[in-house]
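Comments concern the structure below.
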Amino acid sequence: YQYIDALDGSRIFEGEFNFKTKDGNATAEGFFKNNKQVGKWVWKTMPQDKYYGDRIYSELNFNAEGKLDGKFHIYIGNNAAPQRSFYYGKFDNGVLIELEIKDRASFKMKGKYGKNKKPIGVWNIKLSEEGHTITMTYDEKGNLQKYGYRDESTGDWHEVMPTSNGRPEW
């Protein structure tokens with residue numbers, strides 16, 4: 001990596017950054033400008049067991065101020081299931097505004113955040129392939145408005161309204 005010596009003896013990172021562990025199983029690549037991460041950064045890890053062990057691939061973007069900005073994705077998997085888990089999303093000037101998570105077939109979640117960093121709009125959570133998709137609807141301030149699920153076998157909507165403390169009651 002590249003750096004400039006500061007007057008106080010510290011390092012100011014500047015330019016291309018490449019890191020690799022001695023065994024080559026982990027790498028990081030990106031760019032620094034004025035001691036801040038900028039542009040696309042990629043982190044990779046490879047397991048000791050090349051077939052069954054999990055590897056991680058992360059790609060994040062940073063703006064000129066060094067804040068996370070734009071789309072990101074993180075994959076966890078192996079050769080048998082390269083993307084068995086993933087995290088997608090989007091940042092706006094350091095604030096998370098969209099998120100989608102999937103872990104194998106056992107968990108899925110998707111939704112958006114407002115400027116106040118609270119959930120907004122429709123969020124869906126599915127706890128298993130066979131399970132119901134739980135739907136939560138939030139207003140623009142992040143207040144839960146509607147919570148429930150649709151029974152796929154009957155088509156009936158089962159609604160649960162939030163209580164005075166904002167938590168759903170079954």
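Side-chain atoms of Asn116 come within 3.5 Å of backbone N or O of Lys141 as a donor-acceptor pair. Side chain of Asn63 to main chain of Lys67: a donor-acceptor pair is present (N/O by atom type, distance under 3.5 Å, no hydrogens or angles). Under the 3.5 Å distance criterion, the side-chain polar atoms of Arg150 are matched with a main-chain donor or acceptor of Gly155. In terms of modelled atom types and a separation under 3.5 Å, the side chain of Asn35 and the main chain of Ile12 share no donor-acceptor contact. A donor-acceptor pair under 3.5 Å is formed between the side chain of Asp139 and the backbone N or O of Gly142.
For Phe32 and Trp41, the distance between ring centers is under 6.0 angstrom. Aromatic ring centres of Tyr113 and Trp123 lie closer together than 6.0 Å. Between Phe72 and Tyr88, the ring center distance fails the sub-6.0 Å criterion.
Between Glu29 and Asn18, the shortest heavy-atom distance links the atoms CG-OD1, 3.4 Å. Closest approach of Thr21 and Asn25 over heavy atoms only: OG1-N, 3.2 Å. Contact detail for Lys44 and Val42: the closest heavy-atom pair is CE-CG1, 3.8 Å. Residues Tyr138 and Ile120 approach most closely at CB-CA, 3.7 Å, considering heavy atoms. Heavy atoms only, all atoms of each residue included: Thr135 and Trp157 are closest at CB-CH2, 3.8 Å. Here the shortest heavy-atom pairing between Ser58 and Ile74 reads OG-CG2, 3.7 Å.
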Thr27/Phe19 under side-chain contact (heavy atoms from CB on, under 4.5 Å): CA gap, chis, key distance, verdict: CA-CA 5 Å; Thr27 62; Phe19 172 81; over 6 Å; no
Begin from the C-alpha positions of Lys112 and Val122 and carry the test side-chain contact (heavy atoms from CB on, under 4.5 Å) through to its verdict. CA-CA 8 Å; Lys112 293 184 178 184; Val122 176; over 6 Å; no
With side-chain contact (heavy atoms from CB on, under 4.5 Å) as the criterion, how do Phe86 and Asp103 come out once you've worked through the C-alpha distance, each side chain's angles and the decisive distance to 0.1 Å? CA-CA 7 Å; Phe86 66 77; Asp103 186 34; over 6 Å; no
Report the C-alpha separation of Asn124 and Thr133 in whole Å, then their side-chain angles, then the decisive distance to 0.1 Å, and conclude whether the side-chain hydrogen bond (donor to acceptor under 3.5 Å, both in side chains) test is met. CA-CA 6 Å; Asn124 291 307; Thr133 298; over 6 Å; no
Do Lys146 and Glu159 pass the side-chain contact (heavy atoms from CB on, under 4.5 Å) test, and can you show the C-alpha distance, the side-chain angles, and the key distance before you say yes or no? CA-CA 7 Å; Lys146 183 178 176 182; Glu159 187 167 346; 3.7 Å; yes
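In this structure, the side chains of Asn34 and Glu14 come closer than 4.5 Å at one or more pairs of heavy atoms. Side chains of Leu68 and Asn61 form no contact here, defined as non-hydrogen atoms less than 4.5 Å apart. Counting heavy atoms from C-beta on, the side chains of Lys117 and Leu96 never come closer than 4.5 Å. Using a 4.5 Å cut-off on side-chain heavy atoms (C-beta onward), Lys36 and Phe13 make no contact.
To the nearest 0.5 Å, atom CD1 of residue Ile56 and atom CE of residue Met46 are 11.5 Å apart. Note: Lys20 NZ to Asp23 CG = 9.5 Å, rounded to the nearest 0.5 Å. Rounded to the nearest 0.5 Å, atoms CD1 (Ile125) and CE (Met109) are 6.0 Å apart. For the atom pair OH of Tyr147 and NE2 of His158, the computed distance is 14.0 Å after rounding to the nearest 0.5 Å. Considering CD1 of Ile134 and NZ of Lys108, their distance stands at 14.0 Å, rounded to 0.5 Å. Here the straight-line distance linking atom CD of Glu100 with atom NZ of Lys110 works out to 4.5 Å at 0.5 Å rounding.
With hydrophobic clusters built from ILVMFWY side chains whose heavy atoms lie under 4.5 angstrom apart, Phe107 shares a cluster with Ile76. Hydrophobic clustering (ILVMFWY, side-chain heavy atoms < 4.5 Å, transitive): Val38 and Leu60 are in distinct clusters. Clustering ILVMFWY residues whenever any of their side-chain heavy atoms sit less than 4.5 angstrom apart, transitively, puts Phe91 in the very cluster that holds Tyr87.
With hydrogens and angles left out, the side-chain atoms of Gln145 and Asn143 include no donor and acceptor closer than 3.5 Å.
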